[in-house]
Amino acid sequence: MGKARIVLDSATCDDPEFFDVTKHTDLPRETSSCYSSALFDRDSGFSMSAELRSNFLRTQIENDLAKGQVSELVTRFPPEPNGFLHIGHAKSIAVNFGLAEQFGGRCHLRFDDTNPEKESQEFIDSIQEDVRWLGFEWSGEVRHASDYFEQFYEWALYLIEKGMAYVCDLSPEEAREYRGTLTEPGKNSPYRDRSAEENRSLFCRMRAGEYADGERVLRAKIDMASPNINLRDPILYRIRHATHHQTGDQWPIYPTYDFAHGQGDAVEGVTHSICTLEFEDHRPLYDWFIKHLPVPHAPRQIEFARLNTSYTVTSKRKLKQLVDEGIVSGWDDPRMPTIAGLRRRGYPAEAIRHFCEEVGTSRSDSLVDVAMLESAVRDRLNKFAPRAMCVMSPVRVELTNLLVPLQLSVQNHPSDSSFGHRELTMNSALLIDRDDFREQANKHFKRLVLGKRVRLRGSVVIEAESCDKDENGNVTTIYARCVTQEAGLDPEDGIKPKGVIHWVCASTAIPAVVRRYDRLFCTPEPGRSENLLDVINPHSLTILDDVMVEPALRDANPEAVFQFEREGYFVADRFDHVSEKPVFNLVIGLRDTWSDKNV
Ligand code: ATP
Ligand code: MG
């Protein structure tokens with residue numbers, strides 16, 4: 001992909017204004033003031049006062065609609081089905097579908113499937129599932145660039161007929177040499193002046209499969225001296241004897257992305273073809289095709305900056321490397337920044353959408369702190385995750401004075417009574433977290449200490465009396481007494497507990513597996529490192545398999561998220577969680593609890 005700056009040269013085309021970037025997007029590089037709308041607020045749990053930021057795309061579309069340049073906004077999300085979608089794609093999805101939703105238009109889902117060797121039905125299926133999971137629905141059927149291959153072929157013949165395309169026999173090495181450099185103009189190919197008749201015949205034979213891969217290409221005849229390398233007679237068709245997931249063995253030639261993309265937009269009546277900044281230098285070529293072909297609609301391309309988050313890679317090639325080398329368990333590993341990974345990790349779709357809105361849409365590249373995404377997840381889950389108790393590293397507590405089991409009714413959410421209550425039984429044998437007990441501690445340790453009091457979440461206040469230890473000095477049982485007899489009461493002697501700890505009942509709790517995830521990379525910009533494997537966080541996954549949880553969690557639905565009191569948010573694994581063996585993934589920790597636990 002050429003990275004030449006566009007230096008506009010009126011000699012390169014007959015309409016100097018045509019290639020004027022500013023004419024099409026004379027737009028600020030930054031987002032600005034606020035635009036009030038409730039688009040992303042639909043029952044999202046985020047403040048209804050949250051306002052949609054104005055951004056240059058919205059402003060542009062508003063203007064185009066106001067001026068009557070377009071009557072209905074039509075956008076598209078155009079993934080190449082060569083990998084799973086990632087958080088960057090979520091931004092593009094939110095932009096394209098979000099704008100269509102906001103302006104009462106339509107958004108298509110179109111697979112840009114011009115590269116069959118790298119593509120597969122598996123990716124097509126996963127992409128559709130991810131778009132829907134994010135909460136969007138495309139207009140009409142799923143579309144494919146390959147649906148229009150016949151039309152693209154006709155248009156290639158049209159360009160040949162008009163003397164604007166030719167079959168070139170230069171080898172790839174020769175073609176590179178002829179292309180020139182950023183500072184040197186290119187040279188015309190010796191095949192550039194073939195007659196339209198010869199070109200048509202050769203191109204038809206390319207289609208008939210008469211030539212080997214790479215033997216010939218079809219190129220547009222534009223300008224080998226253009227300062228924009230993309231205009232130096234770009235390739236329109238390549239020979240590839242490859243079976244295509246949609247068209248089978250019908251085609252031995254495939255259009256390039258540049259030739260297919262804009263024309264796909266034109267066929268579909270897309271009005272605003274929104275893509276990322278790396279395509280800015282391709283826009284003159286996009287416009288050249290639209291201008292010279294008899295297309296039914298004239299879409300226009302507008303670029304915005306890619307979303308990059310810290311501690312994340314979003315290159316599909318690098319994500320594939322992580323999968324292929326077994327660093328993660330698959331594209332949907334909960335540590336992956338793929339939509340499928342984030343979903344399995346327990347990130348709510350609403351939080352991802354909210355984050356995409358929050359980061360804004362601009363024309364300047366930047367790195368967004370991934371903590372912003374994590375914070376959107378926390379905010380959403382704080383409101384919508386019911387509470388439950390899970391003891392990660394259990395140690396036994398015997399309540400010496402509890403003779404009859406207590407029946408407790410515990411709130412499922414501290415501030416939302418609509419979550420209701422659950423019934424818990426508490427008898428004299430409990431399990432608490434090993435880290436929540438010390439024989440001695442200073443006043444900063446607000447948990448259970450010999451001779452000190454603590455409240456059991458949703459239950460009574462207890463005071464530790466003594467403990468047993470094994471030969472290695474590990475505590476095996478803690479003996480404690482109930483200071484109060486009823487849940488929620490304060491001790492009568494006025495000596496109040498300093499803290500609250502969570503617990504489960506030893507006889508009814510069930511074992512579970514907990515997977516604690518951390519960031520996959522230990523540097524903020526892993527994509528910059530020469531070898532990705534050098535910056536993998538070796539502690540990105542810890543599996544705890546002797547965890548004890550409340551019995552009702554056996555019936556948790558896969559993908560249900562809970563706040564395990566004082567531990568964080570956990571999701572029942574989408575695939576591995578079954579009632580016989582509950583499996584929970586850490587979604588995200590509770591920031592306050594972390595600091596409390598690290599005292
Ligand atoms: P590749 O590197 O394989 O070309 P890609 O990331 O460009 O992959 P596509 O499938 O071509 O993936 O992307 C579909 C759409 O998503 C494109 O319009 C692209 O511009 C957009 N997109 C991709 N990555 C990001 C990102 N990080 N931020 C915003 N949009 C993105
Ligand atoms: Mg791409």
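In each ligand, atom 1 is the first atom listed, and ligand 1 is the first ligand listed.
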Asker: Classify the ring geometry between His244 and Tyr254 as parallel (under 30°), tilted (30 to 60°) or perpendicular (over 60°).
Answerer: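 Parallel, since the angle between the ring planes stays under 30°.
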
Asker: Considering only protein heavy atoms, which is closest to atom 15 (C) of ligand 1, and at what distance to one decimal place?
Answerer: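 I find the closest protein heavy atom is Phe77 CE1, 3.7 Å.
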
Asker: Taking only heavy atoms of Thr276 into account, list the atoms of ligand 1 that are under 4.0 Å away from them.
Answerer: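 In order of numbering, the contacting atoms are 19 (C), 20 (O), 29 (C), 30 (N), 31 (C).
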
Asker: Atoms of ligand 1 less than 4.0 Å from Asn82 heavy atoms?
Answerer: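 In order of numbering, the contacting atoms are 3 (O).
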
Asker: Identify, by atom number and element, the atoms of ligand 1 in contact range of Leu307, meaning under 4.0 Å from any of its heavy atoms.
Answerer: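 So the atoms of ligand 1 that pass are 26 (C), 27 (N), 28 (N), 29 (C).
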
Asker: In terms of atom number and element, which parts of ligand 1 are under 4.0 angstrom from non-hydrogen atoms of Glu80?
Answerer: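 Counting atoms of ligand 1 from 1, those under 4.0 Å from Glu80 are 4 (O), 9 (P), 10 (O), 11 (O).
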
Asker: Can you check which of Lys91, Lys316, His89, Lys118 brings a heavy atom nearest to atom 1 (P) of ligand 1?
Answerer: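 Checking each option, the heavy atom nearest atom 1 (P) of ligand 1 is found in Lys316.
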
Asker: Check each heavy atom of His86 against ligand 1 and say whether those closer than 4.0 Å belong to the side chain, the backbone, both or neither.
Answerer: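 Contact part for His86 vs ligand 1: side chain (C-beta onward).
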
Asker: Quick one: look up the protein heavy atom nearest atom 29 (C) of ligand 1 and list residue, atom name and how far away it is.
Answerer: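 Among all protein heavy atoms, the one nearest atom 29 (C) of ligand 1 is Gly88 O, 3.2 Å.
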
Asker: Side chain, backbone, both or neither: which applies to Ser315 and ligand 1 if a contact is any heavy-atom pair less than 4.0 Å apart?
Answerer: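 Neither part.
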
Asker: When you compare ligand 1 with Pro78, is there at least one nitrogen or oxygen pair between them that comes in under 3.5 angstrom?
Answerer: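 Pro78 vs ligand 1: no N/O contact under 3.5 Å.
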
Asker: If the test is side chain to side chain contact (heavy atoms under 4.5 Å, CB included), which one of Asp379, Val377, Thr309, Val370 qualifies with Phe355?
Answerer: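 Of Asp379, Val377, Thr309, Val370, side chain to side chain contact (heavy atoms under 4.5 Å, CB included) with Phe355 is met by Thr309 alone.
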
Asker: Taking the six-membered ring for Trp and the full ring for Phe, Tyr or His, determine whether the centres of Tyr153 and Phe203 are under 6.0 Å apart.
Answerer: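 Ring centres of Phe203 and Tyr153 closer than 6.0 Å.
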
Asker: Classify the ring geometry of Phe149 against Phe152: parallel below 30°, tilted from 30° to 60°, perpendicular beyond 60°.
Answerer: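 If you compare the ring of Phe149 with that of Phe152, the planes turn out tilted.
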
Asker: Is a donor on one side and an acceptor on the other found under 3.5 Å between the side chain of Asp113 and the backbone of Ser146?
Answerer: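 Flag set: sc Asp113 to bb Ser146 pair under 3.5 Å.
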
Asker: Going by side chain to side chain contact (heavy atoms under 4.5 Å, CB included), Leu532 matches just one of Val313, Ile327, Leu319. Which one?
Answerer: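 It is Val313; the other options fail the test.
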
Asker: Does Glu129 pair with Arg343 as a salt bridge, N-O distance under 4.0 Å?
Answerer: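 The answer is yes: the pair qualifies as a salt bridge.
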
Asker: If you consider just the N/O/S atoms, which atom of Glu80 is the closest one to the Mg ion (ligand 2)?
Answerer: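 Nearest to the Mg ion (ligand 2) within Glu80's N, O and S set: OE2.
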
Asker: Give the residue, atom name and distance (to 0.1 Å) of the protein heavy atom nearest atom 24 (N) of ligand 1.
Answerer: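 Sorting protein heavy atoms by distance from atom 24 (N) of ligand 1 puts Arg306 NH2, 3.0 Å first.
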
Asker: Mind checking whether Tyr286 and His261 have parallel, tilted or perpendicular rings, split at 30° and 60°?
Answerer: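 Tilted: the ring planes of Tyr286 and His261 meet at 30° to 60°.
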
